[in-house]
Chemist: 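My questions all concern the structure below.
We count ligands from 1, going down the list as the structure has it; atoms in each ligand are counted the same way.
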Amino acid sequence: MNLRRFLLLLIFKGIINIPAQAQGPDKAINQYIQTVYPGLQTLYQHLHTYPELSFQEKNTSARIAKELQEAGYAVTQKVGGYGVIGVLKNGNGPTVLIRTDLDALPIAEETGLPYASKALGKSDDGKDVPVMQACGHDVHMTVFTGIAKTLMQFKNNWKGTLVLIGQPAEERSGGAKAMLQEGLFSKFPKPDYVVAWHTNASLPAGQVGYTEGNIMANVDAVDITIRGVGGHGAVPDKAKDPIVLASQLVLALQTIVSRETSPFQPAVVTVGSIHGGTSFNVIPDEVKLQLTLRSYSDEVRNNTIASIKRMAEGLARAAGLPTDRLPQVTVRDQFTPFTYNNVDLTRRVTASFKRALGETNVQATPPSMVGEDFSFYGRTDAKIPISMLWLGTADPKKIAESKAKGTELPSLHSNKFAPLPEPTIKTGVLAMTAAVLDLFNQK
Ligand SMILES: [Zn+2]
Ligand SMILES: [Zn+2]
């Protein structure tokens with residue numbers, strides 16, 4: 001055996017690890033990605049220009065279904081609303097599921113990009129509202145399409161079953177649950193691993209991030225109706241003013257996190273909406289509040305909800321309201337549980353990322369208080385390991401500018417959030433393809 005063959009044998013047996021970027025299958029994948037990138041960029045701009053709201057993703061899901069069909073996957077549409085599922089059975093091996101979300105947000109885009117959205121969607125009450133891909137789900141879909149093409153192109157390099165899902169209604173939290181209820185894990189191949197990207201507005205494009213364990217929080221939406229007794233603004237003594245009561249409650253709620261929750265337990269109580277009254281000289285009958293609550297444990301979640309109810313009722317009684325006019329506190333049933341990244345799966349995926357992108361492009365990233373219905377995929381009886389990874393999208397020049405000026409970069413859900421398509425999309429395709437190949441090949 002000559003030296004070259006001997007070295008190849010050692011590499012094949014995994015005795016010598018080839019250093020990252022420029023070698024072996026990662027290199028061939030990288031070259032393939034360069035050839036499909038122009039098409040992916042066109043797809044990205046299209047998805048960015050024509051976003052659709054949650055539960056309204058008709059054209060978006062049709063486009064993703066078409067991309068998967070053209071790539072050679074067996075595609076099923078309309079699973080749990082506008083959900084799309086593509087499957088490739090490619091011999092004996094593990095089943096890996098990759099998820100993208102499809103929906104956008106009711107936000108008027110202000111990025112100034114040549115392909116900015118001018119799209120309109122329908123609000124719940126039937127009004128036209130502006131729509132924007134302000135959470136980067138257009139990046140997710142584009143990268144997902146790139147991964148689909150690449151894993152099909154390299155199907156001789158892996159064995160197993162690939163399940164690709166386009167999930168509707170992430171922003172309103174309902175899509176993951178609906179797809180699971182319609183048999184995602186029973187009528188289609190049940191995955192051994194579930195992975196997804198989420199864009200990250202503060203990580204530079206070209207870098208990715210990972211979080212082991214808790215990554216995203218419990219999310220609750222709460223409606224409060226403060227009821228009073230309306231009357232003339234000049235005669236407050238004959239009324240019970242719900243605006244004063246609502247103001248007291250907003251301030252009292254601030255003490256739930258600061259005075260009632262352990263400093264070692266993350267929690268957020270935000271009053272995001274307050275509406276009451278019609279005129280400067282009329283005391284209204286009621287004021288409506290909308291709150292978002294965030295936490296990482298059942299205990300903090302339950303205590304926060306109990307405190308809100310106690311404070312609302314207690315302040316109303318202190319204001320002298322009769323029992324039949326006490327505030328109504330409703331916790332909506334669209335609860336999103338916290339997302340837990342399986343530690344073993346996350347480490348395996350991260351190791352592949354480091355090999356494909358180089359160590360310095362893979363960052364440990366702290367958990368955040370945003371929420372994701374991706375959590376539901378890990379919460380079925382099957383307890384499937386899931387992991388959501390961060391894909392950096394920020395223009396390094398803008399990061400430097402914001403540091404110099406001491407300003408913040410536009411966050412996710414900002415009307416100015418503008419991911420840098422290249423190298424974000426290429427990075428997402430390369431890193432996740434490498435990771436999924438390793439999962440199939442059990443590295
Ligand atoms: Zn979002
Ligand atoms: Zn999102």
Chemist: Within the stated cut-off of 2.8 Å, is an N/O/S atom of Glu171 closer than that to the Zn ion (ligand 1)?
Modeler: yes
Chemist: Give a yes/no answer: is there an N/O/S atom of His140 under 2.8 Å from the Zn ion (ligand 2)?
Modeler: no
Chemist: Quick one: CD on Gln167 to CG on Leu184, what's the gap to the nearest 0.5 Å?
Modeler: 9.0 Å
Chemist: By atom name, which N, O or S atom belonging to His198 lies closest to the Zn ion (ligand 2)?
Modeler: NE2
Chemist: Is the closest basic N to carboxylate O distance between Glu313 and Lys309 below 4.0 Å?
Modeler: no
Chemist: Within the stated cut-off of 2.8 Å, is an N/O/S atom of His413 closer than that to the Zn ion (ligand 1)?
Modeler: yes
Chemist: Salt bridge check: are Asp381 and Lys383 linked by an N-O gap of less than 4.0 Å?
Modeler: no
Chemist: Using a strict 4.0 Å threshold on nitrogen-to-oxygen distance, state whether Asp220 and Arg301 make a salt bridge.
Modeler: yes
